[in-house]
Amino acid sequence: MSKEYTSVSKISGPLVLVENIENVKYGEVVEVKLSNGEIRQGQVLEAQEGAALVQMFASTQDLSLKGMRIKFLGHVLEINLSPSILGRTFDGLGRPRDGGPEIIPQKRMDINGSPINPYSRAYPSEFIQTGISAIDGMNTIVRGQKIPIFSGAGLPHATLAAQIERQARLLNEEEKFAVVFGAMGLTFEEANFFIENFRSTGALERTVLFINLANDPVIERIATPRFALTAAEYLAFDLDMHVLVILSDMTNYAEALREVSAARKEVPGRRGYPGYLYTDLATLYERAGRIKGKKGSITLIPILTMPEDDRTHPIPDLTGYITEGQIFLSRELYRRGIYPPIDVLQSLSRLMRGGIGEGRTRKDHGDLSNQLYAAYSRGLEAKELAVVLGEAALTEEDVLFLEFSEEFEDKFIRQGEYENRSIFETLDLGWKLLKKLPRASLKRIRPEYLDEFWGKEDAS
C-alpha cells in the first residue's frame with residue numbers, strides 16, 4: 001500500500017514541492033488529497049533524493065500547505081486501449097468527454113513512449129490522398145511522413161485540418177485507415193467545430209479525438225499529444241492500421257512548455273522557451289513513421305501558428321529541422337479569397353518522390369508537378385515585373401505565363417471546403433492548365449509524356 005506524505009513545503013504556480021520522501025521516480029503519477037476530501041492528480045516532474053517536484057493537473061490557486069496529503073502511485077501516466085477507442089472523444093488526459101463509458105482496456109501503455117529507432121525505420125513510400133490538389137499534386141504526403149502545416153493567426157488552418165481528416169484515405173481501400181486528432185489549447189467553439197464536423201460527415205467513426213481546451217490545466221496540454229501518439233501507436237503497430245495523426249496547435253503546446261519551464265526557474269533559451277524545446281519536439285515527432293516488419297504506419301501532420309507570421313520563430317524553425325518538409329499557408333492568397341491558401345512554392349514534401357509515379361499515383365506525376373512549379377514561378381515573376389515596369393514591358397510569352405499563374409491559383413489551388421478531388425482529377429486538371437502554354441516551353445516534361453497526355457496533334 002502506497003505511503004501518504006504531508007511534507008509539502010512549497011507551492012509555486014502549477015508546481016508543488018514535497019520533501020522527506022523515498023523511492024519516488026520521474027514521471028510517477030501522484031494523488032493529492034485536500035483537507036476537504038477532494039482528490040486531485042499530478043505527476044513527478046523532478047525527483048531527487050528525499051524530495052520531488054510535482055506538477056499538478058489542475059489549478060493550485062486554492063491549495064494550502066496545511067492538510068494536503070500526497071500519495072505516489074508507483075506508475076507513470078498510462079492510457080487504456082482497445083479497438084473501441086475509435087469513434088470516441090477524450091480530454092487531454094485520456095478521460096472520456098463524450099458521455100460514453102470508460103474504455104475497458106485490452107492493453108495499457110505508458111504515454112511517454114519512445115522515438116522509433118532509426119535502424120528499425122522503413123522508408124515511407126506509399127501515397128496518402130487528402131483530396132486537396134495543392135497537397136496531392138504538388139506536395140504529396142506519404143505514409144509514415146512527418147510534415148507540418150505552418151500557418152498564421154486568423155488563417156483557416158483549422159478548416160484545412162478538418163478537411164484533411166475527413167478526406168484522407170489510401171488508394172488501396174482494403175487497408176485499414178484511422179485518424180487520431182490531438183487538439184491543444186482550443187476554445188470551446190473550436191473544439192465543438194471539430195466534433196460536429198466529424199460527426200456530421202461520418203468521419204468520427206474512424207477517428208479518435210483528444211481535446212484540451214484553453215482553460216484546461218497547462219500540464220494537460222503537455223500530455224495531450226503524448227496520449228494521441230500512444231493511441232496511434234496502438235492502432236498502427238498492434239492493430240496493423242495506417243494512422244494519420246493531426247496535432248493542433250503545437251504553438252499552444254510550446255507555450256505551455258515555456259510556462260512550466262518558467263515556474264521551475266530554468267534558464268530560458270531563445271525567446272524564453274526552454275533550451276530543450278528541440279529535444280522535446282523531437283521526442284514527439286520521431287514517434288511517427290513506419291517500422292520494418294510491421295504492417296501499420298503513423299503519418300504525422302502537426303499544425304502550428306507562427307507568431308507574427310515569423311518563420312524564424314523557434315517553434316517553426318526547430319520543427320523544420322525535425323520534420324520532412326512543410327506546408328505553408330499564404331496570407332496573401334487568403335486575403336484574395338482563395339481557399340485553401342496553400343503557398344505551393346514555399347511548401348515542400350521531401351519524401352514526395354518516393355510516393356508518386358507509376359504504381360503509386362501515375363507515371364506523369366513527377367514531371368507534371370515540376371512543370372507546374374516552373375510555370376507558376378515564372379508567372380509570378382512576370383506579375384512582379386508588370387507591377388514595376390507595366391504590362392507593356394512583358395513579352396507575349398510572359399503574358400501567357402502571367403495568365404497561367406492566375407488561372408493556376410483560381411482553378412488548381414482554389415477548391416471548396418467539401419470538394420474532394422482524386423489524384424487523377426488533380427493531375428488531369430494540371431494538364432488542362434498547361435495546355436494554355438506553348439508546348440515548346442514545357443521543358444520539364446519528357447516528350448513521351450507530352451505525346452501521351454498532351455496529344456501529338458497539338459505539337460507546335
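Just so we're clear, the structure is a prediction, and the values are computed from it rather than from any experiment.
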Worksheet item: Does the pair Gln167 and Thr130 meet the rule for a side-chain contact (heavy atoms from CB on, under 4.5 Å), with working shown?
Response: CA-CA 5 Å; Gln167 298 179 178; Thr130 67; 5.7 Å; no

Item to complete: Check step by step if side-chain contact (heavy atoms from CB on, under 4.5 Å) holds for Ile413 and Tyr339.
Response: CA-CA 7 Å; Ile413 297 178; Tyr339 173 87; over 6 Å; no

Item to complete: Take Glu409 and Arg336 through the test salt bridge (charged side-chain N to carboxylate O under 4.0 Å, His left out) and record every step on the way to the result.
Response: CA-CA 10 Å; Glu409 291 175 347; Arg336 286 160 48 199; 2.3 Å; yes

Item to complete: List the steps, then state whether side-chain contact (heavy atoms from CB on, under 4.5 Å) holds for Gln415 with Asn420.
Response: CA-CA 9 Å; Gln415 66 181 91; Asn420 188 359; over 6 Å; no

Discussion item. Let's go through Asp98 and Arg88 carefully: what are the C-alpha distance in whole Å and the side-chain angles of both, what is the deciding distance for salt bridge (charged side-chain N to carboxylate O under 4.0 Å, His left out) to 0.1 Å, and is it a yes or a no?
Written reply: CA-CA 7 Å; Asp98 55 5; Arg88 297 294 305 274; 2.8 Å; yes

Item to complete: Step by step, work out the salt bridge (charged side-chain N to carboxylate O under 4.0 Å, His left out) result for Asp367 and Arg362.
Response: CA-CA 10 Å; Asp367 286 12; Arg362 205 168 70 186; over 6 Å; no

Discussion item. For Val16 and Ile11: C-alpha separation, side-chain torsions, deciding distance, then whether side-chain contact (heavy atoms from CB on, under 4.5 Å) applies.
Written reply: CA-CA 5 Å; Val16 173; Ile11 299 174; 4.3 Å; yes

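Both the sub-6.0 Å distance and the 45° axial angle are satisfied by Arg311 relative to the ring of Phe328. A cation-pi arrangement is absent between Arg270 and Tyr278, since the terminal nitrogen or guanidinium carbon is not both under 6.0 Å from the aromatic centre and inside a 45° cone about the axis.
More than 12 heavy atoms of other residues, nucleotides or ligands shown are found within 6.0 angstrom of OH on Tyr373. Crowding of Arg69 atom CZ: a count of heavy atoms from other residues, nucleotides or ligands under 6.0 Å not exceeding 12. Atom OH of Tyr26 is surrounded by 12 or fewer heavy atoms from other residues, nucleotides or ligands within 6.0 Å. More than 12 heavy atoms of other residues, nucleotides or ligands shown are found within 6.0 angstrom of NZ on Lys292. Counting heavy atoms of neighbouring residues, nucleotides and ligands inside a 6.0 Å radius, atom OH of Tyr418 exceeds 12 of them. Atom CZ of Arg444 has 12 or fewer heavy atoms from other residues, nucleotides or ligands within 6.0 Å. Applying the 6.0 Å contact sphere to CD1 of Ile104 captures no more than 12 heavy atoms from other residues, nucleotides or ligands.
Under a 4.0 Å N-O distance rule, the pair Glu220/Arg95 qualifies as a salt bridge. Between Arg335 and Glu332 no salt bridge is recorded (no basic side-chain N to carboxylate O distance below 4.0 Å). One finds a salt bridge joining Arg226 and Asp280 here, because a Lys/Arg side-chain nitrogen approaches an Asp/Glu carboxylate oxygen to under 4.0 Å. Residues Asp238 and Lys107 are paired through a salt bridge, judged by an N-O separation under 4.0 Å between the basic side chain and the carboxylate. Here Glu38 pairs with Arg40 in a salt bridge; the nearest charged N to carboxylate O distance falls below 4.0 Å. Under the 4.0 Å criterion applied to side-chain N and carboxylate O atoms, Lys25 and Glu28 are not assigned as salt-bridge partners. A salt bridge is absent between Lys33 and Glu31: the closest approach of a Lys/Arg side-chain nitrogen to an acidic carboxylate oxygen does not fall below 4.0 angstrom. The pair Asp216-Arg221 does not count as a salt bridge, with every side-chain nitrogen at least 4.0 angstrom from each carboxylate oxygen. The pair Asp309-Arg331 counts as a salt bridge, with a side-chain nitrogen and a carboxylate oxygen less than 4.0 angstrom apart. A salt bridge is absent between Glu126 and Arg360; no separation between the charged side-chain nitrogens and carboxylate oxygens falls under 4.0 Å.
Paired with Leu77 under the rule side-chain contact (heavy atoms from CB on, under 4.5 Å), one option of Ile219, Asn112, Ile111 passes, and it is Ile111. Partner Thr361 forms a side chain to side chain donor-acceptor pair (under 3.5 Å) with one of Lys363, Glu358, His365 and no other, that one being His365.
For Pro115 against Thr283, the heavy-atom pair with the smallest separation is CG-CA, 4.2 Å. The shortest non-hydrogen separation linking Ser377 to Leu345 is CA-CD1, 4.0 Å. Residue Ser9 comes nearest to Glu19 through the heavy atom pair OG-CD, 3.4 Å, listed as atom of the first residue, atom of the second, then distance. Closest heavy-atom contact between Arg287 and Ser114: CG-O, 3.6 Å. Contact detail for Leu329 and Pro156: the closest heavy-atom pair is CD1-C, 4.5 Å. The two residues Phe193 and Ala162 have their closest heavy-atom pair at CE2-CB, 4.0 Å.
Aromatic rings from Phe194 and Phe181 are positioned such that their centres are separated by under 6.0 Å. Aromatic rings from Tyr273 and His313 are positioned such that their centres are separated by under 6.0 Å.
Atom CG of Asp136 sits about 5.0 Å away from atom CD1 of Ile423, to the nearest 0.5 Å.
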